[in-house]
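Side chains are part of it too, since the values below use all heavy atoms of this structure and drop only hydrogens, waters and symmetry mates.
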Amino acid sequence: MKLFLLTCLTMCAFASNSILNRLAIDSGASDPAAFAVVRVLAGAVVLAGLVLLRAGHLPLFDRRRVAGAGSLSLYMIGFSVAYLTLDAGLGALILFGVVQVTMFTVTSVKGTLPTGRQIAGAAIALLGLGYVLWPSGSLQVNPVGSALMIAAGIGWAIYSLVGKSEPDALSGTAANFVVALPVTTLALLATGGAWHMTANGYLLAALAGAVTSGMGYALWYQVLRELTPTTAAVVQLSVPIIAIIGGVLLLGEAASLRLILGAGLVLGGIALAVLLRTPR
């Protein structure tokens, strides 16, 4: 039950991060690149401060930083730039679809084949997610945006997979943010465009970086120790649904029958994939 609650809390943190991002960018308080830079900066400052306050140290030169900080940078850069040309719903579908495929493939190569129930559950959940997020009207897929989102999905999958080997979740996450900060900043600023961010944008980005990203990612590394990679992949399909429901409750967005049916498919698929059957 403790693991279940911590996993739910982590998924809610990820969904809250999405809501904060939408609040800042949709309102014009920030552009995507500036939001991402401030988000990583806030996460790095707060997490590093917490580690140093508890008399810990930042493992900046640990070999885990190559995979951890590198994959985090890939995710942040790809995610931020891709949404300049992709529909939000389609972008989320590409991202989470790639995360599923990457994590399932890597675990299979390592010798841990997913069961039929896990594959079926992931497929049902992804189908439900597609039903909710599929863009209405004519579909226009930008190849560059799609490629960037695929890269972001691969980055997040690697970030999740390497989390199981991190001995200290807080220190490891803090070090990943610190190392990823200059890489992410230079890459996003190189994409061009004027820096645009209001006071409200800075506040939302700092909150997303310090709390829903920084602390959320540290908690994710904590629970990853007790989750199988397949389970970790499937449960993340709940994040867009939680974010949409959060938008209904917090932002006054309309709830539709499509959302209810799609959410049922997603949750049912996750349950099929991760819950153990009780022997008769």
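No side-chain donor-acceptor contact under 3.5 Å links Arg39 to the backbone of Gly214. Distance alone, capped at 3.5 Å, is enough to place a donor-acceptor pair between the Asp31 side chain and the His196 backbone. A donor-acceptor contact shorter than 3.5 Å is absent between the side chain of Ser80 and the backbone of Ile77. Here the side chain of Ser238 pairs a donor or acceptor atom with the backbone of Val235 at under 3.5 angstrom. Judged by distance alone, with hydrogens and angles left aside, the side-chain atoms of Glu226 form no donor-acceptor pair with the main-chain N or O of Leu3 at under 3.5 Å. Judged by distance alone, with hydrogens and angles left aside, the side-chain atoms of Asn176 form a donor-acceptor pair with the main-chain N or O of Gly172 at under 3.5 Å.
In summary, the side chains of Ser160 and Trp220 do present a donor paired with an acceptor at a separation below 3.5 Å, with no hydrogens or angles considered.
Atom OG1 of Thr184 and atom CG of Leu72 lie 6.0 Å apart (nearest 0.5 Å). Leu74 CG to Phe79 CZ: the interatomic distance, rounded to the nearest 0.5 Å, is 13.0 Å. The structure places OG1 of Thr185 at 4.0 Å from CG of Leu181, a figure rounded to the nearest 0.5 Å. The distance from atom CG of Leu170 to atom CD of Gln222, rounded to the nearest 0.5 Å, is 9.5 Å. Summarising the geometry, atom CZ belonging to Arg117 is positioned 12.0 Å from atom CD1 belonging to Ile119; distances are rounded to the nearest 0.5 Å. Taking CG of Leu275 as the reference point, atom CD1 of Ile270 lies at 10.0 Å (rounded to 0.5 Å).
Nearest heavy atom pair, residue Gly91 against residue Met149, reads O-CG, 3.4 Å. Counting all heavy atoms, side chain and backbone alike, Asn17 lies closest to Ala208 at OD1-CB, 3.3 Å. Residue Gly247 comes nearest to Ile19 through the heavy atom pair N-CD1, 4.2 Å, listed as atom of the first residue, atom of the second, then distance. Here the closest non-hydrogen pair linking Pro59 and His57 is CD-O, 3.3 Å. Smallest separation of non-hydrogen atoms from Thr198 and Gly28: CG2-O, 4.5 Å. Between Ala36 and Leu188, the shortest heavy-atom distance links the atoms CB-CD1, 3.5 Å.
Between Asp168 and Arg54 there is a salt bridge, since at least one side-chain N of the basic residue sits less than 4.0 Å from a carboxylate O of the acidic one. Here Arg65 pairs with Glu166 in a salt bridge; the nearest charged N to carboxylate O distance falls below 4.0 Å.
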| field | Verdict with reasoning, Met215 to Leu47, per side chain to side chain contact (heavy atoms under 4.5 Å, CB included) | value | CA-CA 7 Å; Met215 302 306 295; Leu47 290 173; 3.8 Å; yes

| field | Full working for side chain to side chain contact (heavy atoms under 4.5 Å, CB included) between Val162 and Arg64 | value | CA-CA 8 Å; Val162 299; Arg64 295 183 181 87; over 6 Å; no

| Checking side chain to side chain contact (heavy atoms under 4.5 Å, CB included) for the pair Met103/Thr230: CA distance, chi angles, key distance, verdict? | CA-CA 7 Å; Met103 294 186 73; Thr230 302; over 6 Å; no

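Relative ring orientation between Tyr217 and Phe177 is described as tilted, the plane-to-plane angle lying within the 30° to 60° band.
Residues Phe104 and Val99 are members of one and the same hydrophobic cluster, defined by side-chain heavy-atom contacts under 4.5 angstrom among Ile, Leu, Val, Met, Phe, Trp and Tyr. Cluster membership check: Leu60 shares its hydrophobic cluster with Val51, using side-chain heavy-atom separations under 4.5 Å among Ile, Leu, Val, Met, Phe, Trp and Tyr. With hydrophobic clusters built from ILVMFWY side chains whose heavy atoms lie under 4.5 angstrom apart, Leu41 shares a cluster with Val178. Criterion: ILVMFWY side-chain heavy atoms under 4.5 Å apart, direct or through other members. Under it, Leu93 and Ile245 are part of a common hydrophobic cluster. Leu272 and Met11 end up in different hydrophobic clusters when Ile, Leu, Val, Met, Phe, Trp and Tyr side chains are linked at under 4.5 Å.
Aromatic rings of Tyr159 and Tyr221 (six-membered ring for Trp) have centroids within the 6.0 Å cut-off, being under it. Taking the six-membered ring where the residue is Trp, the centroids of Phe96 and Trp156 are separated by 6.0 Å or more.
Within the 4.5 Å cutoff, the side chain of Ile244 has heavy atoms near those of the Leu133 side chain. No side-chain heavy atom of Val106 sits under 4.5 Å from any side-chain heavy atom of Pro229. Contact annotation: the side chain of Leu204 never approaches that of Ser30 to less than 4.5 Å [non-hydrogen atoms, C-beta and beyond]. Taking the side chain as every heavy atom from C-beta outward, Ser18 and Pro240 never approach each other to under 4.5 Å.
Dense packing is recorded around CE of Met197, with more than 12 heavy atoms of other residues, nucleotides or ligands lying under 6.0 Å away.
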Under 3.5 Å, side-chain donor or acceptor atoms of residues 254-268 against the rest of the protein: list the pairs with distances, not counting sequence neighbours.
{"residue": "Ser256", "atom": "OG", "partner": "Leu259", "partner atom": "N", "Å": "3.2"}
{"residue": "Arg258", "atom": "NE", "partner": "Tyr131", "partner atom": "O", "Å": "2.5"}
{"residue": "Arg258", "atom": "NH2", "partner": "Tyr131", "partner atom": "O", "Å": "2.9"}
{"residue": "Arg258", "atom": "NH2", "partner": "Trp134", "partner atom": "O", "Å": "3.0"}

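Residues forming a side chain to side chain donor-acceptor pair (under 3.5 Å) with Thr231 (at least two apart in sequence, or on another chain): Thr228.
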